[in-house]
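Worksheet for the structure shown next.
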Amino acid sequence: MISTVFFGSHHFSTPILQQLIDSGIFDIKLVVTQPARPVGRKQEIQMTGVKTLALKYNIPVEQPASLKDYTLPVSADINIVCKYGLIIPEKILNFAKHGSINSHASLLPKYRGASPIQSVLVHGEKETGVTMMVMDKEMDHGPILAQGKLAINPDENCFELSERLAPLEAELLIKTIPDFIAGKITPQIQNHEEATFCKELTRDDGKIDWNRTATEIYNLYRGMTPWPGIWTEWNGKRLKLLKIAPADMKIETGKLTAKDGHLYMGAGQNTAIEIFELQLEGKTAIDAKGFINGFKTTLSS
RNA sequence: CGCGGGGUAGAGCAACCAGGCAGCUCGCAGGGCCCAUAACCCUGAGGUUCUCGGUUCAAAUCCGAGCCCCGCAA
């Protein structure tokens with residue numbers, strides 16, 4: 001068994017941790033996850049899924065607010081870092097005997113940073129993958145141990161793609177780490193010239209620029225689903241578009257139009273999207289038909 | 001006490017500000033038209049206007065309390 005400290009916070013860190021446990025080759029000594037933060041309108045405190053899973057297996061959990069002056073209580077053979085969400089100082093990275101391995105959901109050196117899966121979709125890429133690498137002090141910068149590729153389906157959204165990437169990450173970790181520890185893998189230095197970066201997303205990243213083409217907007221929709229979602233302004237209110245697709249129509253750019261029971265919005269360069277499901281600020285989500293029925297007068301004016 | 005929108009027929013909305021028969025689009029039921037139709041025309045059913053209390057001759061509407069949903073923010 002390989003003694004391991006697992007770092008993870010994100011929703012999709014949970015199934016990966018589960019697979020690592022199930023593989024039976026890792027002895028998870030400790031799980032490090034971000035502190036529970038207030039969530040939702042009521043500011044309720046909710047623990048991460050990773051913590052819930054760790055507790056289920058009686059694995060000790062640490063939740064430091066900052067790692068700057070933090071010292072790991074246990075030293076392991078290896079640290080596995082998977083969507084932890086905080087910068088980890090070098091001394092913690094090197095605290096494990098064989099250092100720290102990160103699984104990153106892109107084909108490095110492309111899409112370094114906090115939102116690789118979303119960004120890949122927004123840019124309309126046809127292919128992505130996961131990369132196992134040895135961590136150094138710069139983000140997603142260390143030498144590569146292994147990569148796995150995955151073709152992106154044209155209508156796939158971020159959640160669906162994440163769901164397919166997570167097991168791939170887990171598989172590759174399980175396959176790669178024993179070989180790495182045994183010295184059978186030579187880490188490959190990344191070609192830093194080719195590196196691209198992606199930032200952490202905010203809700204504003206989901207605001208639609210209607211001068212973009214329907215395809216670009218559709219890619220934005222895929223990347224931002226389910227979070228933060230895409231939205232626009234309509235009659236001074238925020239209008240979330242929950243389900244859309246490119247449409248073979250010509251509509252004035254930025255104009256919301258109902259036609260034959262369907263709802264369209266004009267995009268750039270004479271393209272348009274059809275809206276199937278949407279939600280107006282303060283209202284519940286409804287389908288296009290209900291929206292047209294209720295806002296017929298407003299729409300035609 | 002973080003800010004804001006909302007709860008009206010099966011669905012989505014209007015009427016509320018300025019109290020006076022609760023309306024529109026869709027759906028549903030029945031009928032008509034048509035070679036035919038998810039199209040069109042006619043008719044009909046369907047309401048505790050979220051709950052409780054208050055004001056009033058009269059409350060969906062004004063006042064107070066509560067419950068629930070949602071958009072921000074974090």
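Letters go in sequence order (proteins before strands), and every chain restarts at 1.
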Anything under 3.5 Å between a donor and an acceptor, one on a side chain of residues 137-144 of chain A, the other on a protein residue two or more places apart or in another chain? List them.
unit_1, atom_1, unit_2, atom_2, d
A:Asp140, OD1, A:His104, ND1, 3.4
A:Asp140, OD2, A:His104, ND1, 3.4
A:Asp140, OD2, A:Gly113, N, 2.7
A:His141, ND1, A:Asp136, OD1, 3.4
A:His141, ND1, A:Asp136, OD2, 2.6

- prompt: Can you list every side chain to side chain donor-acceptor pair (under 3.5 Å) pair that touches residues 59-72 of chain A, not counting sequence neighbours?
  reply: A:Lys51-A:Gln63, A:Glu62-A:Tyr70
task: With sequence neighbours excluded, give me every side chain to side chain donor-acceptor pair (under 3.5 Å) pair touching residues 157-167 of chain A.
output: A:Glu156-A:Arg164
How many whole angstroms separate atom [atom1] of [X] from atom [atom2] of [N]?
X	N	atom1	atom2	value
A:Trp231	B:A73	CH2	C1'	13 Å
A:Asn235	B:G71	CG	P	19 Å
A:Gln34	B:A74	CD	P	16 Å
A:Leu241	B:G71	CG	P	14 Å
A:Leu263	B:U25	CG	C1'	15 Å
A:Lys240	B:G5	NZ	P	18 Å
A:Phe295	B:C26	CZ	C1'	14 Å

Which whole number of Å gives the distance between the [atom1] atom of [N] and that of [M]?
N	M	atom1	result
B:G10	B:A45	C1'	12 Å
B:U56	B:U61	C1'	13 Å
B:C13	B:A29	C1'	23 Å
B:G20	B:A58	C1'	7 Å
B:C72	B:C1	P	24 Å
B:G7	B:A14	P	8 Å
B:A9	B:G27	C1'	11 Å
B:C67	B:C57	C1'	32 Å

field: Residues in side-chain hydrogen bond (donor to acceptor under 3.5 Å, both in side chains) contact with A:Gln147, at least two apart in sequence or another chain
entry: A:Thr131
Pair assignment for [N], Watson-Crick or G-U wobble, requiring both distances under 3.5 Å:
N	value
B:G2	B:C72
B:A58	none
B:C24	B:G12
B:A65	B:U51
B:U43	B:A29

task: Using heavy atoms to find the nearest nucleotide of RNA chain B for A:Lys237 and A:Phe291 separately, return the residue whose nucleotide is more 5′.
output: A:Lys237
message: Closest-nucleotide mapping onto RNA chain B: is A:Ile292 or A:Asp287 further toward the 5' terminus? I mean the 5' end.
response: A:Asp287
- request: Please tell me which of the listed nucleotides, B:A73, B:C26, B:G71, lies nearest to the side chain of A:Arg203?
  value: B:A73
- request: Apply salt bridge (Lys or Arg N to Asp or Glu O under 4.0 Å) to A:Lys29 and A:Asp27, showing your working.
  value: CA-CA 6 Å; A:Lys29 295 279 191 198; A:Asp27 176 20; 3.1 Å; yes
Shared hydrophobic cluster for A:Val5 and A:Leu173 (ILVMFWY, side-chain gaps under 4.5 Å): no
Name each donor-acceptor pair under 3.5 Å that joins a side chain in residues 271-282 of chain A to protein atoms two or more places apart or in another chain, with its distance.
unit_1, atom_1, unit_2, atom_2, d
A:Thr271, OG1, A:Ala214, N, 2.9
A:Thr271, OG1, A:Gly268, O, 2.6
A:Glu274, OE2, A:His262, ND1, 2.6
A:Gln279, NE2, A:Lys283, O, 2.8
A:Glu281, OE1, A:Arg238, N, 3.0

Shorter than 3.5 Å, N or O on both sides, protein versus nucleotides 37-43 of chain B: list them out with atom names.
none

query: Taking A:Thr196 for the side chain and A:Tyr111 for the main chain, is one N or O donor matched with an acceptor at less than 3.5 Å?
result: yes
message: For a side chain to side chain contact (heavy atoms under 4.5 Å, CB included) check, start with the C-alpha distance between A:Glu90 and A:Asn94, then their side-chain angles and the critical distance, and finish with the verdict.
response: CA-CA 6 Å; A:Glu90 240 180 327; A:Asn94 298 331; 4.2 Å; yes
Contacts of type ring pair (Phe, Tyr, Trp, His ring centres under 6.0 Å), residue A:Phe26, not counting sequence neighbours: none
field: A:Lys289 vs B:G12: side-chain N/O to OP1/OP2 distance below 4.0 Å
entry: no
What side-chain donor-acceptor pairs closer than 3.5 Å can you find for residues 177-188 of chain A, not counting sequence neighbours?
unit_1, atom_1, unit_2, atom_2, d
A:Gln188, NE2, A:Thr186, O, 3.2

message: Contact list please: residues 272-286 of chain A against RNA chain B, heavy atoms, distance less than 4.0 Å, in numerical order.
response: A:Gln279, A:Glu281, A:Gly282, A:Lys283, A:Thr284, A:Ile286
